[in-house]
Amino acid sequence: MDIQRIGVVGAGTMGNGIAHVFGRCGYNVVLCDVEQKFLDRALATISKNLDRELAKGKITAEDKTAALGRIQPITDRGRLAECDFVIEAATEKFEIKTEIFRELDRLLRPEIILASNTSSISITKLAALTQRPDKIIGMHFFNPVPVMKLVEVIRGLATSQETFTTVRDLAGKLEKTPVEVNDAPGFVSNRVLMPLLNEAMYAVMEGVAKPEAVDEVFRLGMAHPMGPLTLADFIGLDVCLDIMRVMHSGLGDPKYRPCPLLIKMVDAGWLGRKSGRGFYKY
Ligand SMILES: NC(=O)c1ccc[n+]([C@@H]2O[C@H](COP(=O)([O-])OP(=O)(O)OC[C@H]3O[C@@H](n4cnc5c(N)ncnc54)[C@H](O)[C@@H]3O)[C@@H](O)[C@H]2O)c1
């Protein structure tokens, strides 16, 4: 099928980035959120991020105007029925995604693929909510979306080869590099990354080293662009904890036990950069 019009559900950090790249690559985008104020904020962010690309000479002023012109903000979900492909990037709560998947399954034409950008929820479980499990897939972008090259393309148990091929090719058209993985808690990215961050937290908790020292080891010794604790603060400590819990319960292995210091910090409201305090003060 010729994919022209893209629906993006959720206009937060990831949704605005996803709308940005589709718009910049020539697709018409319908960007949906629950309130107009979230859409206004998303469009302001997209405009600012397009300015960055303009300043770097990656796009022209005309490209920016055209990209913004292709993104249509909506609060009326019914408009998604016109779309040829829909990606959900709403809040990471299973109840919220359940409601969205059930409703979209009713609204969208039967041949339409519905993807999720979820970081940790089972694609197989989302697919089971619908009458089109073969057309449900994970399309996991990374933050910041306009910059990061990777898209993890996640097959649920029932995802068809045709769905997989369409989404893999679509990622390529966005100048991203798709990597195929199967559905399992944390997929590959978080399955490997989060235990590293969690272990760095144990090292701090046990007094092995201060956060600055742990981060320096990774920046200078392993050439990581930022250390694990800086990265955890950037992702959000509440998000890290949620993902560790999904892996701990989903994989049943004690090695995924969330670090008690992480739990304590989240209880204190120290969520990293977004709350002004995490392993560092901002
Ligand atoms: N932030 C990251 O680094 C990151 C990376 C990869 C994947 N993800 C995943 O992307 C998804 C979105 O994460 P985010 O960081 O952008 O969250 P966010 O909180 O920044 O944005 C979520 C948006 O969804 C909207 N929303 C909630 N319910 C909705 C509904 N019923 N219909 C339409 N919109 C609704 C909210 O109003 C909000 O604007 C999550 O599944 C998350 O796991 C996040």
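The figures that follow rest on heavy atoms only: side chains count, while hydrogens, waters and symmetry mates do not. Numbering of ligands and ligand atoms starts at 1, following listing order.
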Name the closest protein heavy atom to [atom], giving the residue it belongs to and the distance to 0.1 Å.
{"atom": "atom 41 (O) of ligand 1", "answer": "E92 OE1, 2.5 Å"}
{"atom": "atom 7 (C) of ligand 1", "answer": "S119 OG, 3.0 Å"}
{"atom": "atom 39 (O) of ligand 1", "answer": "D33 OD2, 2.6 Å"}
{"atom": "atom 11 (C) of ligand 1", "answer": "A90 O, 3.4 Å"}
{"atom": "atom 19 (O) of ligand 1", "answer": "T91 OG1, 4.7 Å"}

_Is it the case that atom CD in E162 sees more than 12 heavy atoms from other parts of the structure closer than 6.0 Å?_
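It does not: E162 CD has 12 such atoms or fewer within range.
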Record the part of [X] in heavy-atom contact with ligand 1 below 4.0 Å; permitted values are side chain, backbone, both and neither.
{"X": "E35", "result": "neither"}
{"X": "N143", "result": "side chain"}
{"X": "T13", "result": "both"}

Where ligand 1 meets [X] - atom numbers and elements under 4.0 angstrom, heavy-atom basis:
{"X": "G12", "value": "16 (O), 20 (O), 21 (O), 23 (C), 39 (O)"}
{"X": "V9", "value": "32 (N), 33 (C)"}
{"X": "I96", "value": "28 (N)"}
{"X": "I100", "value": "30 (C), 31 (N), 32 (N)"}

*Cation-pi geometry met for K125 and F94 (6.0 Å, 45°)*: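 Positive - K125 is close enough to the ring of F94 and near enough to its axis.
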*Determine, for F164 and R155, whether the Lys NZ or Arg CZ falls below 6.0 Å from the six-membered ring centre while staying within 45 degrees of the axis.*
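Verdict for F164: a cation-pi partner in R155.
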*Hey, does the side chain of N198 reach the backbone of M194 with a donor-acceptor pair shorter than 3.5 angstrom?*
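No, because the side chain of N198 does not come within donor-acceptor range (under 3.5 Å) of the backbone of M194.
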*asked:* Donor-acceptor check, side chain of R70 to backbone of G23, threshold 3.5 angstrom: yes or no?
replied: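 Here the side-chain-to-backbone pair exists.
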*Spell out, yes or no, whether M148 and I235 are grouped together once hydrophobic residues are joined by side-chain heavy atoms under 4.5 Å, including indirect joins.*
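No, separate clusters.
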_Tell me whether L157 shares a hydrophobic cluster with F101, the cluster being built from Ile, Leu, Val, Met, Phe, Trp, Tyr side chains joined at under 4.5 Å._
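Cluster IDs for L157 and F101 differ.
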*Kindly state if atom 32 (N) of ligand 1 has a protein heavy atom within a strict 4.0 Å cut-off, that is, under 4.0 Å?*
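So far as the 4.0 Å threshold goes, atom 32 (N) of ligand 1 is in reach of a protein heavy atom.
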*Does the protein put any heavy atom within less than 4.0 Å of atom 17 (O) of ligand 1?*
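No, there is none.
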*May I ask you to decide if the ring planes of F141 and F22 are parallel, tilted or perpendicular, using 30° and 60° as cut-offs?*
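If you compare the ring of F141 with that of F22, the planes turn out perpendicular.
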_Taking the ring of Y256 and the ring of H248, is the distance between their centroids below 6.0 Å?_
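No, ring centres 6.0 Å or more apart.
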*Aromatic ring proximity H140/F142, centre distance under 6.0 Å*: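 Centroid distance H140-F142: below 6.0 Å, so yes.
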*Quick one: does I235 get within less than 4.0 Å of ligand 1, heavy atoms only?*
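For ligand 1, residue contact (heavy atoms, under 4.0 Å) with I235 is absent.
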*Is ligand 1 less than 4.0 angstrom away from at least one heavy atom of F142?*
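F142 does not count as a contact of ligand 1 under the 4.0 Å cut-off.
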*From atom 44 (C) of ligand 1, work out which of M14, H140, K97 has a heavy atom at the shortest distance.*
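Of the listed residues, M14 has the closest heavy atom.
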